[in-house]
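Contents: one structure, followed by commentary.
Source: prediction; values computed, not measured. Order of the sequence lines fixes the chain letters, A, B, ..., with proteins taken first and strands second; residue numbering starts at 1 for each chain.
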Number of protein chains: 2
Amino acid sequence: MSEKEKFLGEFEQCILLSILRLGENAYGSSVRELLSDVVNREVSIGALYTTLERLETKGMVSSRVGEATAQRGGRAKKYFEVTAKGQQALKRSKQALEKLWKGVALSVVINDGIRQSC
Amino acid sequence: MSEKEKFLGEFEQCILLSILRLGENAYGSSVRELLSDVVNREVSIGALYTTLERLETKGMVSSRVGEATAQRGGRAKKYFEVTAKGQQALKRSKQALEKLWKGVALSVVINDGIRQSC
DNA sequence: GCTTTATATCTACAATGTAGAGTATTTAAG
DNA sequence: CTTAAATACTCTACATTGTAGATATAAAGC
């Protein structure tokens, strides 16, 4: 077991989480929209698909091509799903970060000038 | 304002958090030890210092060289501190991840075979 | 001086992040 | 039909971040 535990990149994590959240409806474009909507992160088309492909190569996600079902034309969608391996990697990343955050308090001046800690 | 908001890498976040946690005592070797102890992550010396230097170039941390104070020999330590900019970047990263995690539940089989969600 | 201990710098390469032009596929309009 | 529009994915290329280990510094102790 365990083939030299690697770490997920920051963007990889975002994409994995987006796929999970989208569930049945997770494919390239929808992931891209979600990132734009939820975390206000605009990513290029290339950035997105490249990363999806790499995640698949690493076994973090699996994919299947859907039937051509578009309302107004359009190419067939490629749906993604996070594998068990992907979920475990995500969990590990989350736990590592949570451990490090534990006990740490920031104290920066926020936009409106009010000092907060978090 | 805002010079094309970039994102922190995964390892960069870890290092920044380690520095915050170590407070006055944050320097290369201590950060390395912390990562090993807290998140069980062994990083090479080169990986660590390279990243610290890059973070400094980006203005995420600042450094000062301490006096030679070693008990048993040794080169002077280079102490690091996370700048306001670094703290804000950290906060942004944290919030983005939290937003994405919100509403997502994993369901992978854990080591001991017990199904959990988190 | 020479060895030991503690810490940092340098050089190099691999992996991940990012962009945008180009391609494919299907529907609607002319 | 033929072309335009819509939707989604593939390809190529380069920038940034991750990672390693050898090497250099510096002081303490003998």
Checklist entry - Is there a side-chain contact between Val61(A) and Ile15(A) (heavy atoms, below 4.5 Å)? => result no
Atom [atom1] of [X] and atom [atom2] of [N]: how far apart are they, to the nearest Å?
X        : N       : atom1 : atom2 : result
Arg75(B) : dA26(D) : CZ    : P     : 6 Å
Leu55(B) : dT19(D) : CG    : P     : 13 Å
Lys77(B) : dT25(D) : NZ    : P     : 21 Å
Phe80(B) : dT7(C)  : CZ    : C1'   : 11 Å
Glu42(A) : dG17(C) : CD    : P     : 18 Å
Lys78(B) : dA6(C)  : NZ    : C1'   : 16 Å
Tyr79(A) : dA8(D)  : OH    : P     : 9 Å
Leu22(B) : dT7(C)  : CG    : P     : 13 Å

[X] and [Y]: which non-hydrogen atoms are nearest, and at how many Å?
X        : Y        : value
Lys85(A) : Lys58(A) : NZ-O, 3.0 Å
Ala76(A) : Val65(A) : CB-CG1, 4.0 Å
Glu56(B) : Ser63(B) : OE2-OG, 2.7 Å

Checklist entry - Atom CZ in Phe11(B), atom CG in Leu35(B): separation rounded to 0.5 Å? => result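 Here the interatomic distance stands at 6.0 Å.
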Checklist entry - Among dA8(D), dA19(C), dT7(C), which is the nearest nucleotide to the side chain of Ser44(A)? => result dA19(C)
Item to check | Donor-acceptor pair, side chain of Ser36(A) and main chain of Arg32(A), under 3.5 angstrom | outcome: no
Distances for protein N or O near nucleotides 11-18 of chain D N or O, under 3.5 Å:
residue	atom	partner	partner atom	Å
dT17(D)	OP1	Lys58(B)	NZ	3.1
dG18(D)	OP1	Glu10(B)	N	2.9
dG18(D)	OP1	Phe11(B)	N	2.9
dG18(D)	N7	Arg54(B)	NH1	2.6
dG18(D)	O6	Arg54(B)	NH2	3.1

